[in-house]
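The figures here come from the full heavy-atom set of this structure, side chains too, leaving out hydrogens, waters and symmetry mates.
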Amino acid sequence: MAAADFLSQATVYLAAAVICVPIAKRLGLGSVLGYLIAGMLIGPYAFGFLGEEGEDLMHFAEFGVVIMLFIIGLELEPQKLWRLRKQILGVGMSQVLVTAAIIFGACLALGLIWQSALTVALALALSSTAIVLQTLAEKNLMDSEGGRNSFAVLLFQDIAVIPILAILPLLAFRSVASDEGSKTILEGLPLGLQTVAVLGAVALIVLAGRYLIVPGLRAIARARLRELFTAAALLIVVSIALLMQAVGLSPALGTFLGGVILANSEYKHELESDLDPIKGLLLGLFFIAVGASIDFDLIAANPLLVVSLTAALMAVKFAVLFGIGRFFNLLTAQNFLFAFALAQAGEFAFVIFSFAAQLGIASSETLGLGISVVALSMTVTPLLFIVNEKLIQPRLCDGTPKEDKPADAIEEKNKVIIAGFGHFGSTVGRFLRANGVEATFLDNDPDRVNLLRKLGFKVYYGDATRPDFLLSAGADDAEIFVSAIDDPERNYALVETLQKFFPHLELMMRANNRYDAYEFIEMGLGNIYRESLDTSVRLGVDVLRKLGGGAYTSYRAGQQFLKRDEAAMGELAEHRHDMKAYISEARARIELQEELMEKDMEDKAREQDHAWDSEPLVRGFGAGE
Amino acid sequence: MQRVLILFAHPRLENSRINSRLVRAVPRADNFTFHDLYDNYPDFNIDIELEKQLLLDHDVVVWHHPFYWYSSPPILKQWIDMVLEYGWAYGTGGEKLKGKVIFNAITTGGNNDAYCPEGYNCFTITDFLRPFEQTARLCNMDYLPPFAVMGTHRMKDAEIEKAAADYGNLLGMVGNGGFEPDKLRALKFLNDFPRTGA
């Protein structure tokens, strides 16, 4: 591809996305539909910027799905995945088998030969991982019961693709000279050895995740080069995908597994936030390619046929899903979400169809029609989400209790995030934990993170001043953000980021000293904790006691001092800009404070709030008697 | 031999004239424990387990405090609230304090004349101390009349010395176990306890 060609194409894609997606989002249609529309517009039937290369583009962009599954794996710790086993096997398998059986029967009834009918049925039984997960994530529905079941079904479908692609050649009338579908290094090996190789590859991912990737990431994190970390993250995904392809497994499945292995590591959030934009771009590209692949000529030739087939397909899938949801005791509201989410056919259908075309299993008309139906059903899906959200759910909501079970949520979500796990932050964290409050910790010192994780703390490595990292650490759902970072400059940057992107968070800041605190006051913060204040006053109070001062009196003096000091802080901050005023003001403040302290210790009149035998009182009462 | 616990509550002992003298009169013997609540808990964070153990380790308890606003300084109320737990000090199974002797040792600014229906305080000291009396009773303790040093506003040094000596003698007698609770209960103030070998 020539450089100029690349630039002009990139311009077209990016421009289409930049224009269409915000409009679609503004209209409440969601980003997926925005990309699809962008694809249709630049595709061969509208402006025609995009021609035959659309299909190649789609294959390339499918890598976005691979990255997406890696990220989903990162969110899903092994024990949580284990908890999903019932849904994956039960819900997932029944969905694929029942749907395929019905479509198979329908295709036979429509006069297809059984080989074509089976291929079409298997292809259409699968749903679109990309569209569904992207939309669920965008609508924050991944943690809901319906979202979890959708995910389980999609995961099962990812696994099911492997045997489906394996049996297609058996349906072929002619053997294929050069097939693309099964170009693996294992060919020619006996079946037993192939199995061993596949299991070996999986074991390799597990072992590498444990003993190679995490120490490697630690070394890279220590280099403190951000792009190097991104490169490493990509390297992990790409190499796993390559390995999976080599042994004939789905790359998405492999990276998902890799993600799950790394879900317990401290680099989880950092990997996630590094890969997220790449995933987003590739998925966007993928949706654009899907939009561009819709054959409007074919639809225009048989509009009724395409539309009715699409409607019939989605109705069948919806009915099967809804029935399964009911069978597995999904609540009605969640069942609607589940059934609407998965009612389309997915990108695997494109893969299966193109493989089937090479094998000559089905006629090109059948496949062309199939591809149009698939693309159309994918396009309609975001609309169905909107229908579900706006028309169906409101009717069900009345009287239906919220069934969100926080314990089963895919991501660990804490109300408190603590940045910085040094002496200060760890004390705050230990205190909170001792009182039953779990917090999410962020730290950017790889060695410390490593050590603390060995001690059983949930600490994540990453730069807390980056919005994407904060987001994946759960800043959206948290309520309180504690900054225990000691570097003032980094603290200021953090406050700016938090105020800009997460204005709902209550910020509680560690300040080194008075001057640090002035900065925070100027940034509009209220919860400021000078690390040197309370401790020094406590020490001072103990000095007073050791010099013979009363315990309670000294204690109260300390509390008073703290109170006055905090009050003076706020007043002084106002005068800060005018340095001259500040200096004199500060001196006045110190003098005032000394004065007040002396007053507190010497002023006999103050005793009357403590002791009846103080002089004025004695005088007053004595005179009266 | 009786083990005596003095629970002392004065927020500003260092400035007090009477109580600092009374405190010095507490016998320095092994069976006496002087426990200053404000000194131990300036932040009012009372160590409940420690306090309970102290109670278990003694036979006689003295609530020693100045009489502020017809009651004790707040930390003693905090002590009562925190330490006298249900099921331990009172209520079902709460018999840990049963039979222990307890009384208030107080100092008042006004003299005894002020504490009567005709005086400006309208009620007697006994009336004002009813909540303490009933607290003790609910815990199955043997509540004795108070030891009261009254009229401290106008006290001369000699009078203070005498009050301190009385307090010391009273505590000494209680510590020796040389007293009959029934006889003491009949008194209005423990200040009038029978001096020469009961």
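When all heavy atoms of Pro42(B) and Ala551(A) are compared, the pair lying nearest together is CB-O, 3.5 Å.
Using a 4.5 Å heavy-atom threshold, the side chains of Tyr552(A) and Phe44(B) count as touching.
Within 6.0 Å of the CZ atom in Arg185(B), the count of heavy atoms belonging to other residues, nucleotides or ligands exceeds 12. For CG of Asp30(B), the number of neighbouring non-hydrogen atoms (other residues, nucleotides, ligands) closer than 6.0 Å is 12 at most. Atom NE2 of His504(A) is surrounded by more than 12 heavy atoms from other residues, nucleotides or ligands within 6.0 Å.
Legend: side chain to side chain donor-acceptor pair (under 3.5 Å) pairs involving residues 91-101 of chain B, not counting sequence neighbours, sorted by first then second residue: Tyr86(B)-Thr92(B).
Applying a 4.5 Å heavy-atom cutoff, none of the residues of residues 46-63 of chain B approach chain A.
A donor-acceptor pair is defined here as one N or O able to donate and one able to accept, closer than 3.5 Å; such a pair exists between the side chain of Arg545(A) and the backbone of Asp39(B).
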Show me, pair by pair, the donor-acceptor contacts under 3.5 angstrom made by side chains of residues 478-490 of chain A, not counting sequence neighbours?
| unit_1 | atom_1 | unit_2 | atom_2 | d |
| --- | --- | --- | --- | --- |
| Ser483(A) | OG | Asn491(A) | OD1 | 2.4 |
| Asp487(A) | OD1 | Glu489(A) | N | 3.1 |
| Arg490(A) | NH1 | Asp463(A) | OD1 | 3.4 |

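Partners of Pro131(B) under the side chain to side chain contact (heavy atoms under 4.5 Å, CB included) rule, at least two apart in sequence or in another chain, do not exist in this structure.
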